[in-house]
Colleague: 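Mind having a look at this structure? Questions to follow.
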Amino acid sequence: MNFKKYLAIFLSAILVSTYSFAPVFPQQVEAADEDWIGTYVEKIQGYYDNLDPSEQEILREARTFLEDQEAQWWRDNLGLSEFVNHVKEEKGIDGNEAMEFIGAFISVFYGIDETFESNLADFRDTHGDTFKAVFGNDFTLQELVEFMEAVQEEALTGQIIPAMLTDGLTDTTIDEIMTNAINETFETGDYDTFQNRLSDVHLSVEDLLGLNESFSQEEIYDGLDISDVRAVFINAAAREFVEVIDEDTEEVISDLPSIDEGDSKEIYVKVANIGTYNGTITTILDWESEDSNIATVEENTDADTLVINAKSVSADTSADIVGSITIGEDTLNLVTLTLNVNDTSSSSPGSGSGSGGSPSTPGDGSEDSQSSVDIGDEDVEESTTADGKKQTKVNVTKEKIDNIVNSNDEVDEVTIEVPEVADSESASVSLPAEAFNALKGKNENARVTVKSKAGSYSLGAKEINVEALATSLGASSSEDVSVSIEITQSEDTNNAVVNNGAAAASAVVEFKVMASSGDSQEEVNNFSSYVSRSIPLNASADGEEQDTNNLTAVRINEEGTLTAVPTVFANGEAVFRSVTNSKYTVVENNKSFTDVSDNYWASDVITRLANKLVVQGTLDGTYEPNADIKRSEFVALLTRSLGLTTTNAEYDDRFSDVDADAWFVNELVAAVDAGIVEGKPNGTFDPHSTVKRHEAAAMVARAMAFASYNAEKLDDAQSIDQFTDSKVIAGWSTDAIQLTVQADIFNGKEFDNGDRYFDATAGTTRAEAAEMLNNFLSFIEFMN
């Protein structure tokens with residue numbers, strides 16, 4: 001395809017959000033118009049964010065190429081000598097300055113990437129005066145917006161969609177489409193001022209947008225395949241108009257419902273209702289399953305439907321079903337649907353298809369299949385630890401685990417209670433490593449729970465990689481490896497609790513998992529998911545129940561710092577989760593801030609999260625609740641909320657704007673490792689920018705996934721559609737916003753008339769961030 005064809009399609013795609021022009025000249029906009037300007041800038045940014053990484057890279061290369069060109073290059077290749085001569089003679093504008101102005105406008109227009117908004121602002125600051133000098137004060141922004149809206153309507157609904165779905169998009173028809181759309185708009189609309197201003201300076205719409213013949217010659221783009229650039233946008237333009245409808249619910253879906261192996265699902269695909277066209281395109285697209293071993297797809301042309309067949313599978317899995325259209329030599333993927341196929345050969349508990357559902361943990365109120373190991377005197381021995389503590393050790397044979405596995409249809413938890421022995425300060429349970437394999441064979445989410453007077457520990461069987469431990473320990477067989485779970489009363493040797501301004505509310509308990517074979521030992525200390533444990537609280541002096549809003553479990557770090565971990569309180573115990581072993585205790589805090597009064601709307605959540613060591617104030621004792629929170633600060637709060645390990649983090653310089661000695665780098669590394677933070681496509685993190693509400697929603701949604709939230713708690717009656725601005729929310733963030741709204745983490749904002757709006761691109765204050773985190777931790781049950 002030639003350059004003009006792709007450029008035209010690019011124009012049509014961008015014109016879907018035609019107000020991309022609006023922010024360039026804000027000095028001409030009334031104050032009342034500022035909100036919709038920002039909204040449409042965000043729509044353009046969201047449009048870019050929805051592209052896949054390879055497409056984004058193509059656009060970045062194009063922008064870099066265009067921005068690197070000097071004024072003479074633009075003069076040589078745009079062919080606008082009449083314009084240059086006119087503005088030089090009539091406006092007193094230097095020729096190079098005039099071409100830099102046109103070139104900069106085209107660079108911004110075609111440079112849709114993560115820097116789009118800042119590029120617009122730079123253009124305004126640098127070339128705003130030149131624009132006014134060229135076009136005069138009577139050429140208003142509103143006229144430009146109205147014209148581009150009309151071109152959008154004509155190009156899309158009157159010509160592009162019908163052409164795509166009937167005769168196809170050829171070089172000739174694309175040229176005709178754009179020429180006809182512009183001409184038709186001028187003929188049918190009142191755009192005399194716009195046309196006159198262009199004519200006065202010897203420019204056309206095609207010149208202003210880089211659509212003229214001179215600029216369409218591909219040989220001028222040294223080393224850049226401009227066809228690839230336009231292909232990105234023809235793809236995106238076509239995707240814009242495809243909806244997938246579920247035949248049962250007749251609702252638009254982005255993913256296919258799960259189906260069982262051996263079943264079939266029938267769907268149909270229709271074009272979005274644009275203009276007069278509202279037909280199905282099932283037979284126009286070519287459909288293919290990307291993994292035919294999981295599912296196949298066939299077309300039922302008589303019924304305009306697709307029939308998707310699930311194959312036999314050995315485990316729950318998924319396959320992408322892709323719908324594409326061929327135009328010339330190019331194949332454009334317009335629809336990608338993920339089909340989840342359920343394995344029906346086994347009814348293993350915990351393997352359901354619920355989105356994000358979490359395996360239950362002690363203290364969460366779920367009803368699990370639990371089995372206790374019978375402990376006899378022969379299984380118990382007393383010993384002394386290396387540091388001189390009296391230890392009660394329980395040895396559990398594999399036969400006892402096998403008996404439980406073989407005699408129960410379901411096994412979620414195996415409980416081992418260590419007998420109380422006077423003066424014993426340590427409890428240890430030793431199991432053959434193969435016992436963990438036996439449990440995993442029954443249920444991959446099964447866990448072993450050890451209970452002692454000092455506390456309890458619940459270890460997921462999948463956290464023990466038996467074969468890897470055998471290799472690491474030099475064992476001749478995995479049968480030679482044993483695993484011990486140890487719960488030991490310990491001490492705060494560095495006085496970390498007091499030094500950090502807290503008071504102890506429980507004993508200090510050290511949790512440890514050791515693997516051994518012969519004389520070799522290895523500590524198992526880092527886990528792929530949360531490990532639950534509990535510690536009894538100290539009895540209060542007056543016998544009253546303690547205020548759990550002031551309490552949290554903490555990990556005592558070797559350097560004397562405290563890291564809060566997700567904690568809930570019940571029955572006089574702190575039940576907490578962590579992804580590593582260490583010394584833990586429960587602390588009491590009584591934080592307050594001089595600028596947060598008792599009647600401030602977020603006072604309770606700010607104080608609660610401060611006492612739980614999630615939020616922190618400033619050095620002068622304030623919280624600054626109304627100040628905007630930065631991206632770096634919000635990531636640090638999320639990391640603390642989840643109790644992630646942040647010490648000794650290895651930073652790989654992945655973000656070009658984050659130094660290894662940045663105050664937040666450890667928290668950032670932990671968030672990246674947890675999949676909560678991805679950064680910008682250009683390799684930056686943008687740590688000092690204010691967190692926008694849709695960015696906060698995206699990070700919180702990823703944190704929910706990391707915490708394995710319970711999908712059954714979501715309120716399906718809530719929807720992003722309840723917000724009056726739902727149609728202008730960037731597509732890349734809609735799923736995250738929908739999820740967090742259904743989780744009651746985000747509630748939107750309210751107009752005076754009661755209508756609600758989300759305000760996706762607004763900043764987030766420190767008080768709002770505290771409220772979000774409070775709702776988040778409550779929903780995922782990481783806090784009472």
Side-chain angles (χ1 to χ4, degrees), residues 20 23 38 41-68 104 107-126 224 229 232 627-640 644 646 649-703 706 729-733 736 760-764 766 769:
S20 59
V41 168
E42 191 56 39
K43 282 183 67 176
I44 292 296
Q45 186 65 62
Y47 178 78
Y48 167 81
D49 291 339
N50 271 329
L51 299 173
D52 67 41
S54 63
E55 291 173 328
Q56 291 177 344
E57 179 60 28
I58 289 171
L59 296 191
R60 286 196 294 270
E61 291 177 357
R63 176 177 58 82
T64 300
F65 175 84
L66 292 173
E67 288 183 341
D68 285 347
S107 296
V108 171
F109 185 62
Y110 298 134
I112 307 300
D113 66 3
E114 67 280 350
T115 63
F116 179 61
E117 187 168 359
S118 62
N119 288 346
L120 287 172
D122 291 344
F123 179 85
R124 173 201 62 201
D125 296 340
T126 306
L224 175 67
V229 178
V232 169
D628 286 338
I629 192 167
K630 308 302 182 186
R631 285 169 56 84
S632 55
E633 296 169 333
F634 192 74
V635 166
L637 294 186
L638 272 177
T639 301
R640 292 183 207 137
L644 300 181
T646 61
E650 294 185 8
Y651 177 52
D652 58 5
D653 295 319
R654 71 174 60 205
F655 300 117
S656 60
D657 57 350
V658 175
D659 294 331
D661 58 355
W663 69 266
F664 57 88
V665 74
N666 287 342
E667 286 85 356
L668 180 59
V669 170
V672 169
D673 290 344
I676 297 169
V677 170
E678 297 174 352
K680 304 283 187 177
N682 66 347
T684 65
F685 176 63
D686 200 14
H688 307 302
S689 292
T690 299
V691 171
K692 296 177 181 178
R693 286 170 57 80
H694 63 170
E695 293 176 330
M699 285 189 266
V700 169
R702 296 186 198 112
F706 178 79
I729 293 175
W732 63 266
S733 65
T761 62
T764 306
R766 288 168 60 84

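For the numbers below, each heavy atom of this structure counts, side chains included, while hydrogens, waters and symmetry mates do not.
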Colleague: Without swapping roles, check the side chain of Asp657 against the backbone of Thr684 for a donor-acceptor pair under 3.5 Å.
Modeller: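 No; judged by distance alone, with no hydrogens or angles, the pair does not exist.
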
Colleague: Starting at CZ of Arg654, measure out to CZ of Phe685 and round the result to the nearest 0.5 Å.
Modeller: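 Reported to 0.5 Å precision, the distance equals 11.5 Å.
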
Colleague: Please tell me if the side chains of Trp663 and Ser632 come closer than 4.5 Å, counting only heavy atoms from C-beta onward.
Modeller: yes

Colleague: What's the spacing between Asp673 CG and Leu644 CG if we round to 0.5 Å?
Modeller: 9.0 Å

Colleague: Is it true that a side-chain atom of Tyr651 and a backbone atom of Val658 form a donor plus acceptor pair closer than 3.5 Å?
Modeller: yes

Colleague: Using a 4.5 Å cut-off on heavy atoms from C-beta on, say whether the side chain of Met699 contacts that of Leu638.
Modeller: yes

Colleague: How long is the gap from CG on Asp628 to OG on Ser689, to the nearest 0.5 Å?
Modeller: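 So the CG of Asp628 and the OG of Ser689 are separated by 11.0 Å.
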
Colleague: Roughly how far apart are Glu695 CD and Ser733 OG, rounded to 0.5 Å?
Modeller: 9.5 Å

Colleague: State, to 0.1 Å, how close Ala671 and Val635 come at their nearest heavy-atom pair, and which atoms those are.
Modeller: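 The pair with the smallest heavy-atom distance is CB-CG1, 3.6 Å.
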
Colleague: Between Ile729 and Thr761, is the side-chain contact (heavy atoms from CB on, under 4.5 Å) condition met? List the steps.
Modeller: CA-CA 8 Å; Ile729 293 175; Thr761 62; over 6 Å; no

Colleague: Minimum heavy-atom separation for Ala674 to Phe706, with atom names?
Modeller: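 That closest heavy-atom pairing would be O-CD1, 3.5 Å.
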
Colleague: Restricting to non-hydrogen atoms, name the atom on His694 and the atom on Ala730 that form the minimum distance, rounded to 0.1 Å.
Modeller: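 Closest approach of His694 to Ala730: ND1-CB, 4.3 Å.
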
Colleague: Is the His688 ring parallel, tilted or perpendicular to the Phe664 ring (thresholds 30°, 60°)?
Modeller: perpendicular

Colleague: Using the side chain to side chain contact (heavy atoms under 4.5 Å, CB included) rule, pick out the option among Val677, Val691, Thr690, Thr764 that qualifies with Arg631.
Modeller: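 Only one option passes, and that is Val691.
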
Colleague: How close do Ala698 and Ala736 get, counting heavy atoms only, and between which atoms?
Modeller: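 What the structure gives for the nearest pair is CA-CB, 3.6 Å.
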
Colleague: Using 0.5 Å steps for rounding, measure from the CZ atom of Arg766 to the CD atom of Glu633.
Modeller: 5.5 Å

